[in-house]
Chemist: 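Dropping the structure in here first, questions after.
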Amino acid sequence: MLEEVEHWLTRRSWSVAERPLDRLLAAKAARGTTVSVVLPALNEEETVGGIVSVVRHELMERAPLVDELVVVDSGSTDRTSEAAAAAGARVVHRDAILPRLPALPGKGEVLWRSLLVTSGDVVCFVDADLRRFSADFVSGIVGPLLTDPEVQFVKAMYDRPLGAAGTGVAADAGTGTAAGADTSMAAGSGSAGAGGGGQGGRVTELVARPLLNLHWPRLAGFVQPLGGEYAARRSLLERLPFPVGYGVELGLLVDALHTVGLDALAQVDVGVRFHRHQDERALGRMAAAIYRTAQVRLSRGHLVRPELTQFERGGDGFVPRTHPVDTEERPPMREIAEYAARRAA
């Protein structure tokens, strides 16, 4: 590990317990900072309501940390929108945002469009499939942005159990307690796949971490580089391009490094993350998209549009299934006329 990264770990890696909620509220009031929380959602009716309820109750009603809570539905066929609205979120449909530009499938597309329907100075992204959700996931990563003006981008770090414990149970969703939260910060202690209960994060360990260590070693200190829970200043997000698919987390992290430098990036230990795990074929497609995102950043020249072929056993043996790999990226939001007009209003 680079000496610069070792120094960064001591300066920019914290525990959620290091910033009590009353300190965050005081800092927020002193600077007049506004906070938006965004949940990108696709067929998450079982979990989205619990997450929204915790954020609204703990961080809007009991303590005014969050000013805006938005769920962006990217085309759910279940009752995701109804569950989110009933729990108290403002629900916006992806296709209703910037309708002149046909929507592309992918999580990054939803995050990019969310900048047009939110107004907070700080934007906090949270995946909508989390179980046993704790408000610490929001307050933890928003905290450094409220208390330290030099910090621009903050990622959550946590353990990711794999197996029965990781699936969670519906009754536990929305309890607001940090299940098994470890408030002691040790470099890499929450790393996925680091033994014990820290299993999971297979794409992180097999794809993203090797890529970062080999090509962007200054980012080697991030415990969960692909985690879906992170917060950033709007002034930074609007300057970054957004990969439309699974590569969005890697792309934003790498581009943030090049835009504001390592010392403006940080991470906060929020305990344990319980969520739905995907099967190996889905992980393969995710890995290909992440590799492609890295490839684009390593070489901005012409690259052949990639495809990924996987195999499934059929009645007559193995059958190839070929999938396109996400390659599209949206430009920095500040280059979009509608966004510029909205910000100027």
Chemist: Between A135 and V54, which heavy-atom pair has the shortest distance, and what is it?
Modeler: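 That closest heavy-atom pairing would be N-CG1, 3.7 Å.
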
Chemist: Looking at CG of D67 and OG1 of T118, how far apart are the two atoms once the value is rounded to the nearest 0.5 Å?
Modeler: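 OG1 of T118 is found 11.5 Å from CG of D67.
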
Chemist: Can you tell me how far apart CG (D127) and CZ (F133) are? Round to the nearest 0.5 Å.
Modeler: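 Separation between the atoms: 10.5 Å.
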
Chemist: Calculate, to the nearest 0.5 Å, the distance between atoms CG and CG belonging to D269 and D159 respectively.
Modeler: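 Rounded to the nearest 0.5 Å, the CG-CG separation comes to 7.5 Å.
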
Chemist: Strictly below 4.0 Å, N to O, side chains only: are E249 and K155 in salt-bridge contact?
Modeler: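 Salt bridge absent between E249 and K155.
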
Chemist: Can you give me the closest heavy-atom contact between L21 and A63, atom names plus distance?
Modeler: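 It is CD2-CB, 3.5 Å.
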
Chemist: Quick one: CZ on R273 to CG on D129, what's the gap to the nearest 0.5 Å?
Modeler: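 So the gap between those two atoms works out to 6.0 Å.
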
Chemist: Any side-chain heavy atom of V254 within less than 4.5 Å of one from L212?
Modeler: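 Yes; the side chains approach each other to less than 4.5 Å.
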
Chemist: How close do A84 and V52 get, heavy atom to heavy atom, and via which atoms?
Modeler: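 Closest approach of A84 to V52: O-CG1, 4.0 Å.
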
Chemist: Less than 4.5 Å apart, any side-chain heavy atom of L101 and any of R113?
Modeler: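 Result yes, sub-4.5 Å side-chain heavy-atom pair found.
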
Chemist: Examine distances only and state if a side-chain atom of R218 and a backbone atom of E4 form a donor-acceptor pair shorter than 3.5 Å.
Modeler: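 Side chain of R218 to backbone of E4, a donor-acceptor pair under 3.5 Å: no, none is there.
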
Chemist: Donor-acceptor check, side chain of W8 to backbone of L262, threshold 3.5 angstrom: yes or no?
Modeler: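 Judged by distance alone, yes, a pair lies under 3.5 Å.
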
Chemist: Under 6.0 Å from the CZ atom of R56, do we count more than 12 heavy atoms belonging to anything else shown?
Modeler: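 Correct, the count exceeds 12.
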
Chemist: Report yes if some heavy atom in the side chain of E58 is under 4.5 Å from a heavy atom in the side chain of S139; otherwise report no.
Modeler: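 No; the side chains remain at least 4.5 Å from each other.
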
Chemist: Does the side chain of M333 reach to within under 4.5 Å of the side chain of W112, using non-hydrogen atoms?
Modeler: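 Heavy-atom side-chain distance check passes, below 4.5 Å.
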
Chemist: Write down the atom of V207, the atom of P210, and the distance for their closest heavy-atom approach.
Modeler: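 Here V207 and P210 meet closest at O-CD, 3.3 Å.
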
Chemist: For the pair Y158 and F137, name the ring-plane relationship: parallel under 30°, tilted 30 to 60°, perpendicular over 60°.
Modeler: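 Correct class here is tilted.
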
Chemist: Look at the side chain of R12 and the backbone N and O of D263, then say whether any donor-acceptor pair between them is shorter than 3.5 Å.
Modeler: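 Yes: the side chain of R12 pairs with the backbone of D263.
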
Chemist: Which pairs count as side chain to side chain donor-acceptor pair (under 3.5 Å) when at least one residue sits in residues 83-106, sequence neighbours excluded?
Modeler: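 Non-adjacent pairs meeting side chain to side chain donor-acceptor pair (under 3.5 Å): E68-R90, R100-E338.
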
Chemist: Of all the heavy-atom pairs spanning E238 and P332, show the shortest one and how long it is.
Modeler: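 So the two residues come closest at O-CB, 3.4 Å.
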
Chemist: Just by distance, do the side chain of E18 and the backbone of S15 share a donor-acceptor pair under 3.5 Å?
Modeler: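 Judged by distance alone, yes, a pair lies under 3.5 Å.
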
Chemist: May I ask you to test the S76-E45 pair for a side-chain heavy-atom distance under 4.5 Å?
Modeler: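 No, every pair of side-chain atoms sits at 4.5 Å or beyond.
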
Chemist: Please lay out, stage by stage, how E229 and V126 fare under the test side chain to side chain contact (heavy atoms under 4.5 Å, CB included).
Modeler: CA-CA 5 Å; E229 291 68 49; V126 176; 4.2 Å; yes

Chemist: Under a 4.5 Å cut-off applied to non-hydrogen side-chain atoms, are T204 and P225 in contact?
Modeler: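 SC-SC contact between T204 and P225 confirmed.
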
Chemist: Answer yes or no: is there a side-chain heavy-atom contact under 4.5 Å between I141 and C124?
Modeler: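 The answer is yes, as the side chains (C-beta and beyond) meet within the 4.5 Å cut-off.
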
Chemist: Specify the closest pair of heavy atoms between V151 and P144, including all atoms of both residues, with the distance to one decimal.
Modeler: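 What the structure gives for the nearest pair is CB-O, 4.0 Å.
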
Chemist: Inspect the contact between E329 and R297 and indicate whether a charged nitrogen and a carboxylate oxygen are less than 4.0 angstrom apart.
Modeler: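 Looking at E329 together with R297, the answer is yes, because their closest N to O distance falls below 4.0 Å.
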
Chemist: Can you list the steps and then say if L111 with V72 is a side chain to side chain contact (heavy atoms under 4.5 Å, CB included)?
Modeler: CA-CA 8 Å; L111 300 184; V72 183; over 6 Å; no

Chemist: Working to the nearest 0.5 angstrom, can you tell me the gap between I336 CD1 and L115 CG?
Modeler: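 Reported value, rounded in 0.5 Å steps: 10.5 Å.
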
Chemist: Let me check something: do L42 and I51 share a hydrophobic cluster, defined by ILVMFWY side-chain heavy atoms less than 4.5 Å apart, either directly or through other members?
Modeler: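 No, it is not one cluster - the side chains of L42 and I51 are not joined through contacts under 4.5 Å.
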
Chemist: Tell me if a side-chain donor or acceptor on Q152 pairs with a main-chain N or O of A264 at a distance below 3.5 Å.
Modeler: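 Absent.
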
Chemist: Could you walk me through whether E46 and R131 pass the side chain to side chain contact (heavy atoms under 4.5 Å, CB included) check?
Modeler: CA-CA 9 Å; E46 293 185 4; R131 300 179 184 272; 3.2 Å; yes

Chemist: If you measure from the Lys or Arg side-chain nitrogens to the Asp or Glu carboxylate oxygens, is any gap between D148 and R19 under 4.0 Å?
Modeler: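 Salt bridge absent between D148 and R19.
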
Chemist: In the structure I gave you, are the side-chain heavy atoms of L253 and W216 within less than 4.5 Å of one another anywhere?
Modeler: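 Heavy-atom side-chain distance check fails, nothing below 4.5 Å.
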
Chemist: Quick check: does any side chain N or O of S36 sit under 3.5 Å from a backbone N or O of V123, one acting as donor and the other as acceptor?
Modeler: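 No, because the side chain of S36 does not come within donor-acceptor range (under 3.5 Å) of the backbone of V123.
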
Chemist: What is the ring orientation for F242 with F125, classed by angle as parallel under 30°, tilted 30 to 60°, or perpendicular over 60°?
Modeler: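 Taking F125 first and then F242, their aromatic rings stand perpendicular (interplane angle over 60°).
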
Chemist: To the nearest 0.5 Å, tell me how far R334 CZ sits from R239 CZ.
Modeler: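 The CZ atom of R334 sits 6.0 Å away from the CZ atom of R239.
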
Chemist: What's the verdict on side chain to side chain contact (heavy atoms under 4.5 Å, CB included) for L145 and D121, showing C-alpha distance, side-chain angles and the deciding distance?
Modeler: CA-CA 10 Å; L145 296 163; D121 304 312; over 6 Å; no

